[in-house]
Amino acid sequence: DAKTTQPPSMDCAEGRAANLPCNHSTISGNEYVYWYRQIHSQGPQYIIHGLKNNETNEMASLIITEDRKSSTLILPHATLRDTAVYYCIATAGGTSYGKLTFGQGTILTVHP
Amino acid sequence: DGGITQSPKYLFRKEGQNVTLSCEQNLNHDAMYWYRQDPGQGLRLIYYSQIVNDFQKGDIAEGYSVSREKKESFPLTVTSAQKNPTAFYLCASSKQGPVGETQYFGPGTRLLVL
């Protein structure tokens with residue numbers, strides 16, 4: 001899996017968009033970018049993933065740069081319940097099938 | 001409701017004792033995983049299984065053992081050989097797929113040593 005780099009912490013005001021960056025400059029062509037989040041003392045929760053194109057679901061949007069070396073997770077209207085640790089992971093199949101390498105992630109704090 | 005259940009939520013282990021953590025899923029997923037999380041750290045893979053009766057070591061398998069006799073169940077035993085077992089243990093499952101299918105996690109078991 002390619003190494004990913006995220007800022008250790010970010011703040012966001014409730015109701016505003018939260019933009020969480022992730023750098024994955026060594027990502028290979030068959031690696032997807034996955035985002036998970038973990039609310040304190042709970043299991044991680046899947047948010048979204050993508051390969052090349054931008055993706056959107058009911059939780060978030062994922063913007064991947066054209067060279068795929070970085071991406072941004074966007075929570076369009078952050079709420080207090082979005083306070084969590086957000087993990088960006090680059091992963092492919094083959095010998096690393098199913099293996100997710102979780103780094104330190106970004107602690108997002110949403111404040112009133 | 002489909003999902004992953006882990007029990008117990010909290011588990012206490014005495015020195016030299018083996019303990020088993022339960023993980024059950026009703027998502028009909030082929031693959032299951034065990035991770036360990038220490039305070040302020042990310043998750044580290046202990047064992048994973050892609051199919052019944054088969055499992056592979058992850059990054060930190062020493063002191064742990066698993067079995068996969070049924071598709072729905074993937075219990076983890078923390079043996080006395082694991083010298084620092086205090087941690088948050090997370091089980092996950094995923095469908096078989098060509099590339100890192102989405103993993104769904106259980107609520108976790110917190111293991112404490114007395």
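By convention in this document, chain letters (A, B, ...) are assigned in the order of the sequence lines, proteins followed by strands, and residues within each chain are numbered from 1. Scope of the values below: all heavy atoms of this structure, side chains included, with no hydrogens, waters or symmetry mates. Quick caveat, the model's predicted, so the values are computed rather than measured.
- In this structure, B/V113 is not a member of the same hydrophobic cluster as B/I46, with clusters built from ILVMFWY side-chain heavy atoms closer than 4.5 Å.
- At a 4.5 Å heavy-atom cutoff, the contact between B/L43 and chain A is made by backbone and side-chain atoms alike.
- Sorted by first and then second residue, the salt bridge (Lys or Arg N to Asp or Glu O under 4.0 Å) pairs involving residues 103-114 of chain B (not counting sequence neighbours) form an empty list.
- Looking at A/Y32 and B/T102, their side chains never come closer than 4.5 Å, going by heavy atoms from C-beta outward.
- Contact residues of residues 41-55 of chain A toward chain B are A/S41, A/Q42, A/G43, A/P44, A/Y46, A/H49 (heavy-atom distance under 4.5 Å).
- By the criterion of side-chain heavy atoms lying less than 4.5 angstrom apart, applied directly or through intervening Ile, Leu, Val, Met, Phe, Trp or Tyr residues, A/Y87 is grouped together with B/F105 in one hydrophobic cluster.
- Using non-hydrogen atoms only and a strict 4.5 Å limit, the part of residues 103-112 of chain A facing chain B consists of A/G103, A/Q104.
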Could you go through the side-chain contact (heavy atoms from CB on, under 4.5 Å) check for B/Q103 and A/Y36 one step at a time?
CA-CA 9 Å; B/Q103 292 188 17; A/Y36 286 78; 3.6 Å; yes
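- Both B/V78 and B/F55 are assigned to one and the same hydrophobic cluster, defined by single-linkage of ILVMFWY side chains at heavy-atom distances under 4.5 Å.
- Using a 4.5 Å cut-off between heavy atoms, B/Q6 does not touch chain A at all.
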Only pairs under 3.5 Å count here: list side-chain donor-acceptor contacts from residues 18-28 of chain A, not counting sequence neighbours, and write none if there are none.
| from | atom 1 | to | atom 2 | distance (Å) |
| --- | --- | --- | --- | --- |
| A/N23 | OD1 | A/S25 | N | 3.2 |
| A/H24 | ND1 | A/R68 | O | 2.8 |
| A/H24 | NE2 | A/S71 | N | 3.4 |
| A/H24 | NE2 | A/S71 | OG | 2.9 |
| A/S28 | OG | A/N30 | OD1 | 3.0 |
| A/S28 | OG | A/E31 | OE1 | 3.2 |

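- Both B/Y33 and A/I89 are assigned to one and the same hydrophobic cluster, defined by single-linkage of ILVMFWY side chains at heavy-atom distances under 4.5 Å.
- Under the 4.5 Å side-chain heavy-atom criterion for Ile, Leu, Val, Met, Phe, Trp and Tyr, B/F88 and B/L45 are members of the same hydrophobic cluster.
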